[in-house]
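To start, the structure under review is shown below, and the notes come after it.
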Amino acid sequence: MKPDLGAEVRDAMDAGRPVVAMETTVITHGMGWPDNLEVTREMQAAIRDAGACPAILAVVDGRVTVGLDGPELERFARTDDGSIAKCSRRDLPGVVGLGRSGSLTVSATALIAHAAGIEIFATGGIGGVHRGHPFDVSADLTELARTPVAVVCAGAKSILDLELTLEVLETHGVPVVGVGTDTLPAFYTRSSAHAVPTVAGDTAEAAAILGGWRELGAGNGILFAVPVPPDAALAEDEAERVIGRAVAEADERGIRGNAITPWILARLVELTGGRALAANKALLVNNARVAAEIAVAARGPV
Ligand code: PSU
Ligand code: MN
């Protein structure tokens, strides 16, 4: 694979500056206009401020693109008419082969970041095992099992079964590192009932753990989980209540497959009067900053 590199990404790579990738499903299918473009710009700025280079990954009219920006980025943010497909690993050949456009989930982002030589990326929440649907296991988990990338997220929403999600990661030997926390953050809330196997006190320790992962070269990914900033977090009982309701409504309506996550995300924003959106934005920018800090602190030989 020979991705098209944006000019900023090419310069950073040539200069040996750390690059932090970003996914596009969260932009096209995870949040509405104009919040999605606004938060994407804030994530890019947070990565630059920390001394790294942002690289947004997508497939644009069949071209694998590393460093989406300008009018093309705006097109991905404005399109909610279904013309840009949500693309996980399995969907890539159809989109690339037929010259279509796709926004990338965590699994497709990991695959392409690795092919482009990028080690780390920032996102909101990863996919996992769906609550009440133990065979709906996100390709994000199997990608982490097979591709050596570091993913920085805010844990996973409890629209997923967090216990089963951690079990699958354990089976595949994927390290899960809580950054400043000893439980898996639950996206809108800073903690959950589920302990993480490894704790990093701060981003310097997270970078040291990334160094250990690099040294071992075991070939699979590593997950860093960072709690949502405290002032944007939802109260635990409220999060549980609205998530329970949204999951039940999705079941009643027969929403299935890769449409579940976007549908529930949008419903949660409605049910919380926009506070779920504010939390989502705050944690995305925070994860971008943390990913860049880890990348800069763990800067390897160039
Ligand atoms: N969780 C979120 N926001 C998102 C996603 C997950 O809070 O936008 C997206 C990510 O791109 C993730 C994908 O990789 O959903 C997982 O989808 P699925 O459950 O269909 O595997
Ligand atoms: Mn699924």
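Atoms within each ligand, like the ligands themselves, are counted from 1 in listed order.
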- [ ] Using a strict cut-off of less than 4.0 Å between a Lys/Arg side-chain nitrogen and an Asp/Glu carboxylate oxygen, indicate whether Glu72 and Arg75 qualify as a salt bridge.
- [x] no

Open item on the list: I'd like to check whether Val106 has a polar contact with ligand 1, where a contact means an N/O of the residue lying under 3.5 Å from an N/O of the ligand.
Closed with: yes

Open item on the list: Can you tell me which residue among Val226, Val290, Val152, Leu210 is in a side chain to side chain contact (heavy atoms under 4.5 Å, CB included) with Thr203?
Closed with: Val290

Open item on the list: Nearest non-hydrogen contact with atom 3 (N) of ligand 1 belongs to which option: Leu265, Asn36, Thr123, Leu268?
Closed with: Leu265

Task: Over all atoms of both residues, closest heavy-atom pair of Val177 and Ala200 - done: CG1-CB, 3.8 Å

Task: Closest approach of any protein heavy atom to atom 6 (C) of ligand 1, naming residue and atom - done: Gly125 O, 3.4 Å

TODO: Walk me through it: do Leu277 and Met31 pass the test side chain to side chain contact (heavy atoms under 4.5 Å, CB included)?
DONE: CA-CA 8 Å; Leu277 176 62; Met31 207 180 274; 3.5 Å; yes

Open item on the list: Please report the interatomic distance CG(Leu57) to OG1(Thr105), rounded to the nearest 0.5 Å.
Closed with: 11.0 Å

Open item on the list: Less than 4.0 Å is my threshold; does some heavy atom of Asp140 fall inside it relative to ligand 1?
Closed with: yes

- [ ] Write out the residue and atom name of the closest protein heavy atom to atom 15 (O) of ligand 1, then the distance separating them to 0.1 Å.
- [x] Thr261 CG2, 3.9 Å

Open item on the list: Are any of the N/O atoms on Ser138, whether in the backbone or the side chain, positioned under 3.5 angstrom from an N/O atom of ligand 1?
Closed with: yes

TODO: Identify the protein heavy atom lying closest to atom 18 (P) of ligand 1, giving its residue, its atom name and the separation to 0.1 Å.
DONE: Lys86 NZ, 3.7 Å

- [ ] Go through the steps to decide whether Leu234 and Arg275 satisfy the test side chain to side chain contact (heavy atoms under 4.5 Å, CB included), and finish with yes or no.
- [x] CA-CA 8 Å; Leu234 297 189; Arg275 274 173 303 112; 3.9 Å; yes

TODO: Indicate yes or no: does an N/O atom of Asn258 lie under 3.5 Å from an N/O atom of ligand 1?
DONE: no

Open item on the list: Please determine whether any non-hydrogen atom of Met31 lies less than 4.0 Å from an atom of ligand 1.
Closed with: no

Open item on the list: Polar contacts were defined as any N/O atom of the residue lying under 3.5 Å from an N/O atom of the ligand; does this apply to Thr105 and ligand 1?
Closed with: no

Task: Those atoms of ligand 1 less than 4.0 Å from some heavy atom in Lys157 - done: 1 (N), 2 (C), 7 (O)

Open item on the list: For N/O/S atoms only: which one belongs to Asp136 and is nearest the Mn ion (ligand 2)?
Closed with: OD1

Open item on the list: If the contact criterion is a heavy-atom separation under 4.0 Å, does His130 count as touching ligand 1?
Closed with: yes

Open item on the list: Whether the side chain of Arg131 engages the backbone of Ser158 through a donor-acceptor N/O pair (distance < 3.5 Å, no angle test) should be reported.
Closed with: yes

